[in-house]
Colleague: 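Submitted below is the structure of interest, expressed as structure tokens.
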2 protein chains.
Amino acid sequence: MRNGDLRLATELAPQRSFFATIAQKKHIRPMNQTVIPKPDYEAALREAGVRITRPRRVILGILSDAGDHPDAMEIFRRAVAIDSSISLSTVYRTMKLLEGIGAIHRHAFEGGPSRFEPAVGDHHDHLIDIETGDVIEFQSDRIEELQQEIARELGYEIVHHRLELYGRKRRRR
Amino acid sequence: MRNGDLRLATELAPQRSFFATIAQKKHIRPMNQTVIPKPDYEAALREAGVRITRPRRVILGILSDAGDHPDAMEIFRRAVAIDSSISLSTVYRTMKLLEGIGAIHRHAFEGGPSRFEPAVGDHHDHLIDIETGDVIEFQSDRIEELQQEIARELGYEIVHHRLELYGRKRRRR
DNA sequence: AATGCAATTGCAAATCGTTTGCAAATAGAA
DNA sequence: TTCTATTTGCAAACGATTTGCAATTGCATT
């Protein structure tokens, strides 16, 4: 969570000042600049007792170096570029499998198809740029606490939750 | 296990004590016990310059006394019980129309189809009972503020957002 | 009350994202 | 290498929703 680590230099550069600012707000943590450890999907799959096939290896590779939140069709496109024999069904089946063993998260953002993300690192929520579809991850302890509090007051225990902010870049003023 | 129609009384009663309790927490407002003003859909439609047809009148009636968050199929069922000639397409078309003029909100809760709710009263978020599908509305100024703050820090303005808590009733201890 | 016509309807077929049945291919234990 | 249960690609099925079209209807006009 240090703000020196860089991913996507092009994207990071103009925002550096933001992150410097945010770093002071201890309860809001933007997560995009975090260095994400590549998950060892193969080990996870082996542990789940499933076979490591060629299509799966390709898809896992795509996932582990996806810096974005691709949908099934996009994963399929990237997969076909590597091995043209891979089918969309297999992509869907693999996503379901990975989701089942908790290796990825599925997000149903507004409108479009499900988008996927490796399940690494801490929990976080999402801000979706409604103009570009870009997803910015963030984490707020206070919001998490508040959610807990609310559920408790209403007599419920939270199994999971979904917080999505849909917005557009603020005009630099 | 879909949600039946009128379990209001039976379900509300045991919760009354909750609401009494919650009423003290000024920043969390459960909204289920609120007296909801019935919206004048016909006026809204007329204003939007569309015709008040028989199917529309039936659907509007259903919406304005729906205490729950029905999906299109459920609205269709209730509509057919009143006028068997109404079609599902018309339900969908009417929902889209109403959504367009801001008279209802569409919610895409996890898994299932879109569910609808008259757009009356304040903004609120939802807690979905994953066992029954029941929806509990709540409102938290603090969460709203935090969201604003987060978006601001990230350089975005929020256009809208979605906060859904999925949980189950806590075992009464 | 009768007319005219655009708005609206019901129906069936189309669409989108996703899942599934099945026969052929293959991972990986023996 | 052999074996067989698992996995695959394909096409067809799926559930939610939308759409084209010809028939109907609201309603402004006579």
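By convention in this document, chain letters (A, B, ...) are assigned in the order of the sequence lines, proteins followed by strands, and residues within each chain are numbered from 1. Source: prediction; values computed, not measured.
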Colleague: Go through it in stages, so that I can follow the logic: the residues are A:Leu45 and A:Leu60, the test is side-chain contact (heavy atoms from CB on, under 4.5 Å), and I'd like the CA-CA distance, side-chain angles, deciding distance and then a yes or no.
Modeller: CA-CA 10 Å; A:Leu45 282 195; A:Leu60 297 182; 3.7 Å; yes

Colleague: Nearest whole angstrom, please: distance from the C1' of D:dA16 to the CZ of B:Phe109.
Modeller: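 Atom-to-atom, B:Phe109 to D:dA16, this comes out as 17 Å.
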
Colleague: If you find the nucleotide of DNA chain D closest to B:Arg54 and the one closest to A:Asp83, which residue's nucleotide is nearer the 5' end?
Modeller: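 The residue mapped nearer the 5' terminus is A:Asp83.
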
Colleague: Starting at atom CE of B:Met95, determine the distance to atom C1' of D:dA16, rounded to an integer number of angstrom.
Modeller: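 After rounding, the gap between these two atoms is 14 Å.
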
Colleague: Could you walk me through whether A:His124 and A:His105 pass ring-ring contact (aromatic ring centres under 6.0 Å, His included), step by step?
Modeller: CA-CA 11 Å; A:His124 55 259; A:His105 292 306; 7.5 Å; no

Colleague: From CZ of B:Arg46 over to P of D:dA28, roughly how many Å is that when rounded to an integer?
Modeller: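 For the pair B:Arg46 CZ and D:dA28 P, the rounded distance is 9 Å.
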
Colleague: Do NZ/NE/NH1/NH2 and the carboxylate oxygens of A:Arg77 and A:Glu74 come within less than 4.0 Å?
Modeller: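 Looking at A:Glu74 together with A:Arg77, the answer is yes, because their closest N to O distance falls below 4.0 Å.
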
Colleague: Would you work out how much the helix from C:dA1-D:dT30 to C:dC16-D:dG15 bends between its ends, with each end axis defined by five base pairs, to 10 degrees?
Modeller: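 End-to-end axis angle for the helix from C:dA1-D:dT30 to C:dC16-D:dG15: 30°, rounded to 10°.
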
Colleague: Is the closest side-chain heavy-atom distance between A:Gln147 and A:Ile158 below 4.5 Å?
Modeller: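 Result yes, sub-4.5 Å side-chain heavy-atom pair found.
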
Colleague: Of the non-hydrogen atoms in A:Tyr156 and B:Asp129, which two are nearest, and what is the gap between them?
Modeller: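 What the structure gives for the nearest pair is OH-OD2, 2.7 Å.
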
Colleague: Once you round it to whole Å, what is the distance between P of D:dG15 and CG of B:Leu88?
Modeller: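 So the two atoms are 14 Å apart, to the nearest Å.
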
Colleague: In whole Å, what is the span from the NE2 atom of B:His107 to the P atom of D:dA16?
Modeller: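 Checked: the NE2 to P distance equals 18 Å.
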
Colleague: In whole angstrom, what separates B:Met73's CE from D:dG15's C1'?
Modeller: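 Atom CE in B:Met73 sits about 9 Å away from atom C1' in D:dG15.
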
Colleague: As a quick check of understanding, evaluate side-chain contact (heavy atoms from CB on, under 4.5 Å) for A:Ile150 and B:Ile143, giving each step before the final call.
Modeller: CA-CA 10 Å; A:Ile150 289 165; B:Ile143 283 195; 3.7 Å; yes

Colleague: Reading DNA chain C in the 5' to 3' direction, which nucleotide is the first one with an atom under 4.0 Å from a heavy atom of chain A, and which is the last?
Modeller: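 The protein-touched segment is C:dG17 to C:dG28.
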
Colleague: Could you check A:His123 against A:His161 for ring-ring contact (aromatic ring centres under 6.0 Å, His included), going step by step and ending with a plain yes or no?
Modeller: CA-CA 11 Å; A:His123 162 78; A:His161 70 102; 4.8 Å; yes

Colleague: In terms of the nearest nucleotide of DNA chain D, which residue is placed more toward the 5' end: B:Ser114 or A:Arg56?
Modeller: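 Checking each residue's closest nucleotide, the 5'-ward one belongs to A:Arg56.
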
Colleague: Take the protein atom CZ of B:Arg93 and the nucleotide atom C1' of D:dT17, then report the distance between them rounded to whole Å.
Modeller: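 In whole Å, D:dT17 C1' lies 11 Å from B:Arg93 CZ.
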
Colleague: Within the 4.0 Å heavy-atom criterion, would you say B:Thr53 contacts the bases, only the backbone, or no part of the nucleic acid?
Modeller: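 Contact class for B:Thr53: sugar-phosphate only.
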
Colleague: In whole angstrom, what separates B:Leu97's CG from D:dT18's P?
Modeller: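 In whole Å, D:dT18 P lies 13 Å from B:Leu97 CG.
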
Colleague: Under a 3.5 Å cutoff, is there a donor and acceptor pairing between the side chains of A:His107 and A:Glu164?
Modeller: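 Judged by distance alone, the side chains do not pair up.
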
Colleague: Tell me which of B:Pro55 and A:Lys96 sits closer to the 5' end of DNA chain C, going by the nucleotide each one is nearest to.
Modeller: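 With B:Pro55 and A:Lys96 compared, the 5'-side residue is B:Pro55.
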
Colleague: Show, in sequence, the C-alpha distance, side-chain angles and deciding distance for B:Arg152 and B:Glu149, and conclude whether the salt bridge (charged side-chain N to carboxylate O under 4.0 Å, His left out) test is met.
Modeller: CA-CA 5 Å; B:Arg152 194 175 340 110; B:Glu149 185 181 350; 5.8 Å; no

Colleague: Between D:dT17 and B:Tyr92, is there an OP1 or OP2 to side-chain N/O distance shorter than 4.0 Å?
Modeller: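 Answer yes for this pair, as a side-chain N or O of B:Tyr92 is under 4.0 Å from OP1 or OP2.
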
